[in-house]
Amino acid sequence: MMIVEITDSNEKQAVARKVLEALTDWFGIEESREEYISGCANWTFFAAKKEEEAIGFLCLKETGKATVELAVMGVLKDYHRSGAGRQLVERAKETARSQGYEFMQVKTVKMGVYEDYDRTNLFYISCGFKEFEVFPLLWDEANPCQIYVMSLK
């Protein structure tokens, strides 16, 4: 497996669509999914590829002069726990650090609300993210937003 940076907007959107449409447990709301797919055209984009086939991706977007956000990521279910997600996060950290960012953040649904998101939370924690703050109404009452942060220093 290899991690590659993709710069072509159409290719970014095609990879994002393929992966996100296969992950409806996490990306079941079509409107949100389409926002991620259109947004990723302008974000730093990494794909995990196995034999030229994209099996996952991660996007970074700047949220402040010193902070970059892991805006969206997904790995096809058959490749969960294969190391693809961890390799994507490591590559994102290296790139963000080299571009001078001091912090990386990620937003997800608060631990204890949905089992699928609990696994996501545990994944981010295992990658080195730390709990920052919960915003109960940022998205909606059913999806309290947990923000994790990581120092890139």
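Computed from a predicted structure; not experimentally measured. When reading the values below, keep in mind they use all heavy atoms of this one structure, side chains included, and skip hydrogens, waters and symmetry mates.
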CD1-OG1 distance between I29 and T24, expressed to the nearest 0.5 angstrom: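 Those atoms lie 11.5 Å apart.
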Listed partners of K50 passing salt bridge (charged side-chain N to carboxylate O under 4.0 Å, His left out), at least two apart: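 Per chain and number, K50 pairs via salt bridge (charged side-chain N to carboxylate O under 4.0 Å, His left out) with no residue.
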So, for [X] and [Y], which heavy atoms are closest and what is the spacing to 0.1 Å?
X    : Y   : answer
L60  : A92 : CD1-O, 3.7 Å
A54  : L76 : O-CD1, 4.1 Å
L152 : A96 : CD1-CB, 3.6 Å
G56  : L88 : C-CD1, 4.1 Å

Is there side-chain contact between [X] and [Y], with at least one heavy-atom pair below 4.5 Å?
X    : Y    : value
R91  : Q87  : no
K61  : V72  : no
V106 : M150 : no
F123 : M73  : yes
T44  : V68  : no
R17  : R33  : no
E69  : K107 : yes
N121 : F129 : no

Listed partners of E35 passing side chain to side chain contact (heavy atoms under 4.5 Å, CB included), at least two apart: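 In terms of side chain to side chain contact (heavy atoms under 4.5 Å, CB included), with neighbours along the sequence ignored, E35 is linked to E31.
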Listed partners of A41 passing side chain to side chain contact (heavy atoms under 4.5 Å, CB included), at least two apart: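 Checked A41 against side chain to side chain contact (heavy atoms under 4.5 Å, CB included); matches are S9, Q13.
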Pairs meeting criterion salt bridge (Lys or Arg N to Asp or Glu O under 4.0 Å) with involvement of residues 75-90, two or more places apart: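 Every pair satisfying salt bridge (Lys or Arg N to Asp or Glu O under 4.0 Å) with a residue in residues 75-90: D25-K77, E90-K93.
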Where at least one partner belongs to residues 1-14, residue pairs that pass salt bridge (Lys or Arg N to Asp or Glu O under 4.0 Å), sequence neighbours excluded: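 Pairs touching residues 1-14 that pass the test: E11-K49.
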E133 atom CD, over 12 foreign heavy atoms within 6.0 Å: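 Yes, CD of E133 has more than 12 neighbouring heavy atoms, counting only those of other groups under 6.0 Å.
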Contact list for residues 59-105, test ring-ring contact (aromatic ring centres under 6.0 Å, His included), sequence neighbours left out: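 For residues 59-105, and leaving out neighbouring residues, the ring-ring contact (aromatic ring centres under 6.0 Å, His included) pairs sorted by first residue read W26-H80.
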